[in-house]
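Reviewing the structure listed below.
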Amino acid sequence: MIIRVAGGEVVDPVNGFPGKRDVWIKDGFIIEKPVSKRADKTYEVSGCVVMAGAIDIHSHIGGGNVNTARLLLPEQHAAHLKRPLHTPLANAGWSTFNTGCLYAQMGFTTVVEPAMSPTNALHTHMELADIPIIDKATLAILGNDDFLLSMIRDNASSAMIDDYVAWTVSTARSLGVKVINAGAAAAFKENIRSFALDDVIPSYGVTSRKIVETLQSAVGRLGIPHPLHVHANNLGIAGNAATAAETIRASQGQPIHLAHLQFYGYGTEGKRGFSSEAARLADLVNNTENVTIDVGQVMFGQTVTISSDVTRQYSGMRTASPKKSILFDGDGNGGGIVPYRYRKDYYGSLQWAVGLELFLLINDPWRVFFTTDHPNGAPFTAYPELFELLMRRDVRHAKMEELDHSALELTTLASISREYTLEEVAVMTRAAPAKLLGLDDRGHLGPGAIADIAVYRKGQDVQKMFRDAALVFKNGDLVVEDGVVTHYRWGKTMHLNPPLDKAIIKRMQAYHEDRYGLSLDWFTFSDSAICRETPFAEVACKS
Amino acid sequence: MVAWIGSQTVPLPAAIEQVAKLLAKSRCPVFSIESDVHGTRSLIALAERVGATYDHVNGRNLLHEVALHTDIGGFFATATEVRRRADLVIIVGDIPAAHHDLLSSLASTAADLTSSSRRRWLRIKGKASTALGDPVRRVKAVEVGSSDFAIDAVLASLRAILAGRKASAPLANVDSFLSEMASARFPVFVFSHLNDPASLGMLQGMLADINRARRATALFLPSDDDAWGMVLASAWMTGFPPRTGFSTGSPIHDPWLCDIERMIAEGEADLHLFVSERDEARPSKRSRVPTIALVRSERPAAGALVTVRIGKAGLDHDGVVYSSRIGTLRSVAASVPSALPSISNIVGQLQHALQEEGLPS
């Protein structure tokens with residue numbers, strides 16, 4: 001069947017300037033205008049903006065820690081039902097079912113869960129398989145696991161490390177590698193409470209810097225398209241902008257992605273010793289071409305922080321709201337689930353402003369990514385409000401009036417007049433993430449791309465425009481009409497299968513039998529274990 | 001033959017058709033579930049479709065374990081990490097026999113990720129504690145506590161003593177407890193089937209106190225691994241643990257309202273779908289609510305309107321289960337593959353049949 005999406009204003013930065021044109025779909029893919037110029041079905045979308053389906057590169061939507069957060073906070077999920085919007089997590093997107101629906105309603109068609117513990121991969125993929133409509137992917141966490149740390153300590157060859165990273169990515173069905181406060185979870189088990197880039201894990205004699213460098217090199221050598229995804233040290237601590245800057249310098253010109261940079265934009269000035277270093281950090285990113293970042297914007301209200309940075313989460317337990325939390329010592333990685341309410345006080349106002357400063361002061365939308373680090377900075381359902389803050393300075397300035405002025409005075413936000421254009425939004429949320437993840441088949445509307453298309457009614461109300469897409473197509477299926485899901489389907493989870501020496505499998509078998517007294521098949525699984533037809537789609541590594 | 005209507009043997013499609021009719025007609029169906037994760041997923045999806053309330057077959061045993069996670073939280077670790085790092089293991093109360101293999105595995109190995117590799121053992125006991133099981137006896141755990149006090153009181157006293165406060169309850173081997181705790185690098189409290197909120201709260205309070213200056217954690221061993229698998233699947237599918245229902249169309253979690261035993265006893269339920277892959281499990285004969293049984297049985301379940309014989313994950317067919325040995329889900333292959341249908345297979349046929357039956361508006 002040939003479908004024509006007719007008369008819309010197409011915003012497709014990969015394939016040219018914005019302008020009115022038709023988009024044609026056949027068998028789930030975008031095609032050139034057919035010679036016959038005839039469509040079996042036509043959707044008139046004049047007055048609408050047509051973009052590729054949006055891609056979220058960092059949103060905690062599935063896996064053990066996310067599910068534990070559901071268990072910890074059933075009262076927050078109750079707010080998920082139709083209740084007034086100002087109630088806690090009113091639109092958090094808590095269950096797998098709602099996650100897929102709420103993302104689709106906003107025109108998002110691909111979402112990456114950025115923190116999958118490899119030992120928990122089967123659980124994570126089963127959750128992701130129950131998220132309808134959208135495609136998914138995961139990043140496997142490495143950097144606190146005994147096998148890797150032992151190899152680094154013992155000066156193992158690059159080939160051995162590459163094989164281990166490749167084996168992990170392959171068996172965990174992930175699309176890349178993430179490192180979270182490298183080495184800190186291992187050190188925390190030895191009662192070390194803070195961990196900086198040059199700190200050493202006592203029993204391994206390995207620094208955090210060395211772990212990041214080792215993984216960054218392995219990712220590059222293996223041809224994994226997405227650069228090493230780094231959750232740096234010292235998250236949330238005043239003065240940690242220096243840590244972020246040092247991590248950027250440590251990348252030595254090699255591709256690196258820094259996650260939720262907002263949480264690293266803090267200086268020590270002011271009466272409270274907590275200020276914004278966003279402008280200096282943005283300047284550094286602007287001048288360091290190999291660096292990409294996502295923001296992790298803070299928005300106000302109730303949320304829950306979910307992170308494998310157990311050191312950070314332990315210290316956050318003091319300010320848990322409501323007063324309950326879970327701290328988990330896992331194999332290599334751990335997890336902390338701490339509910340939190342961002343208030344319009346000094347600290348909340350400063351965090352909010354730091355995120356916006358980064359968005360607005362980093363010039364290149366190809367290197368700054370749109371995230372709230374769901375649910376850490378805010379639930380992803382806050383995206384429409386965030387789009388409005390970026391696209392309309394009058395709304396931004398009106399919001400600033402509600403906040404703590406002494407905090408905002410320590411930021412540059414009031415002086416920034418930039419407004420994101422629709423084309424910049426399309427770059428930041430479509431074209432750039434596809435490029436960063438190595439997903440050539442999406443993020444644009446050129447012939448050959450999968451027909452993931454979001455159609456928005458253009459209007460002054462930016463929030464409404466991005467909250468309730470007029471039409472959304474996933475692989476050519478019409479799934480959303482007027483902001484309502486009208487058709488359900490199952491997406492796929494994309495993963496890599498990097499080449500490896502088969503000797504690593506024997507080595508991992510011996511390791512698991514020796515250290516855990518269990519066969520390796522306790523820790524691995526076949527695709528059929530997901531119990532869904534073709535749950536995965538393989539993506540090629542770079543040659 | 002795999003299905004019966006009453007005591008009459010019937011082909012499976014006839015039984016499916018009859019079950020679909022009963023489900024379509026029911027105004028307040030309830031599901032008791034005991035299956036692997038795939039079976040649970042399919043049954044929760046069916047419950048949503050027919051507006052049913054669901055719980056685990058042994059939901060009563062899950063109540064406090066779920067409440068620990070929903071109301072308190074705490075410090076936890078995986079058994080694999082405990083095996084490699086715990087230099088002091090403190091068993092709290094009794095550990096069910098299902099986890100004795102795990103304890104044996106801990107007893108026969110030494111920690112390799114800590115400088116203090118010799119693993120020492122304590123056991124906190126209260127008046128409900130039974131005689132030591134085999135694995136614990138083998139490691140010669142030092143018994144701390146008292147047979148005169150309930151275990152929550154023992155835990156409260158130990159927490160106070162650890163915090164430097166006085167406690168009036170006379171407990172055995174408190175000095176050993178204090179000295180072992182002082183020297184341990186990574187002490188781990190192992191608990192399972194603690195059926196009182198006070199004990200669970202006091203244990204986690206003690207862990208919070210210890211972690212202010214040092215590290216310690218807990219190994220939570222669910223009283224039933226399969227039931228915990230159901231808790232996880234229920235949480236991701238609906239946002240809630242079991243004792244959840246779809247009577248309003250959206251999931252509602254309420255441990256009292258959605259207590260299936262209560263709903264049956266008080267005449268709220270008008271249809272009971274009982275599902276268990278365990279050999280010995282049968283629906284109650286005394287239930288006056290019309291019952292459908294999906295069970296591993298070569299005979300029809302007594303009193304059931306319809307019985308369907310099913311296979312078991314990991315035995316008759318492949319499946320996915322929660323394993324407390326690794327602290328997450330595990331894929332299990334069929335050890336004796338058979339033609340007996342899986343729960344998800346039966347539910348798939350039911351979903352198809354319900355399209356023809358239609359549901360009450």
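Lettering of chains follows the sequences in order, A, B, ..., and the numbering in each one begins at 1. Since we're looking at a predicted model, the values are computed, not measured.
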Backbone N/O of [Y] and side chain of [X]: donor-acceptor pair under 3.5 Å:
| X | Y | result |
| --- | --- | --- |
| A:His512 | A:Leu520 | no |
| B:Asp316 | B:Pro337 | no |
| B:Thr238 | B:Phe240 | yes |
| B:His99 | B:Ser223 | no |

Identify which part of [X] has an atom lying under 4.5 Å from any heavy atom of chain B, answering side chain, backbone, both or neither.
| X | result |
| --- | --- |
| A:Ile337 | neither |
| A:Arg532 | side chain |
| A:Asp146 | side chain |
| A:Met317 | side chain |
| A:Phe188 | both |
| A:Ser117 | neither |

Can you tell me which portion of [X] sits under 4.5 Å from chain A's heavy atoms? Options are side chain, backbone, both or neither.
| X | answer |
| --- | --- |
| B:Val37 | side chain |
| B:Asp71 | backbone |
| B:Leu232 | both |

Among [options], which has the most heavy-atom pairs under 4.5 Å with chain B?
| options | value |
| --- | --- |
| A:Tyr314, A:Phe97, A:Phe523 | A:Tyr314 |
| A:Leu518, A:Thr68, A:Ile326 | A:Ile326 |
| A:Glu190, A:Arg515, A:Lys324 | A:Arg515 |

Taking every non-hydrogen pair under 4.5 Å, which of [options] racks up the most with chain A?
| options | result |
| --- | --- |
| B:Ala213, B:Ser105, B:Ser344 | B:Ala213 |
| B:His253, B:His69, B:Met237, B:Arg185 | B:His69 |
| B:Gly74, B:Gly73, B:Ser331, B:Ser323 | B:Gly74 |

Open item on the list: With heavy-atom distances below 4.5 Å as the criterion, would you say the side chains of B:Val66 and B:Val231 are in contact?
Closed with: yes
- [ ] Could you tell me whether the side chain of B:Ile44 reaches within less than 4.5 Å of the side chain of B:Tyr54, counting heavy atoms only?
- [x] yes
Measure the [atom1]-[atom2] distance between [X] and [Y] for me, rounded to the nearest 0.5 Å.
| X | Y | atom1 | atom2 | result |
| --- | --- | --- | --- | --- |
| A:Glu113 | A:Thr124 | CD | OG1 | 6.5 Å |
| A:Ile530 | A:Thr493 | CD1 | OG1 | 8.0 Å |
| B:Ile326 | A:Thr119 | CD1 | OG1 | 8.0 Å |

TODO: Pull out the residues in residues 75-85 of chain B that come under 4.5 Å of chain A, heavy atom to heavy atom, sorted by number.
DONE: B:Phe75, B:Phe76, B:Ala77, B:Thr78, B:Thr80, B:Glu81, B:Arg83, B:Arg84, B:Arg85
TODO: Taking ring pair (Phe, Tyr, Trp, His ring centres under 6.0 Å) as the test, write out the residues that go with A:His123, two or more places apart.
DONE: B:Trp236
Task: With B:Asp36 via salt bridge (Lys or Arg N to Asp or Glu O under 4.0 Å) - residues at least two apart - done: none
- [ ] Could I get the full list of salt bridge (Lys or Arg N to Asp or Glu O under 4.0 Å) partners for B:Arg325, not counting sequence neighbours?
- [x] none
TODO: Quick one: sort the A:Phe525 and A:His125 rings into parallel, tilted or perpendicular, breaks at 30° and 60°.
DONE: tilted
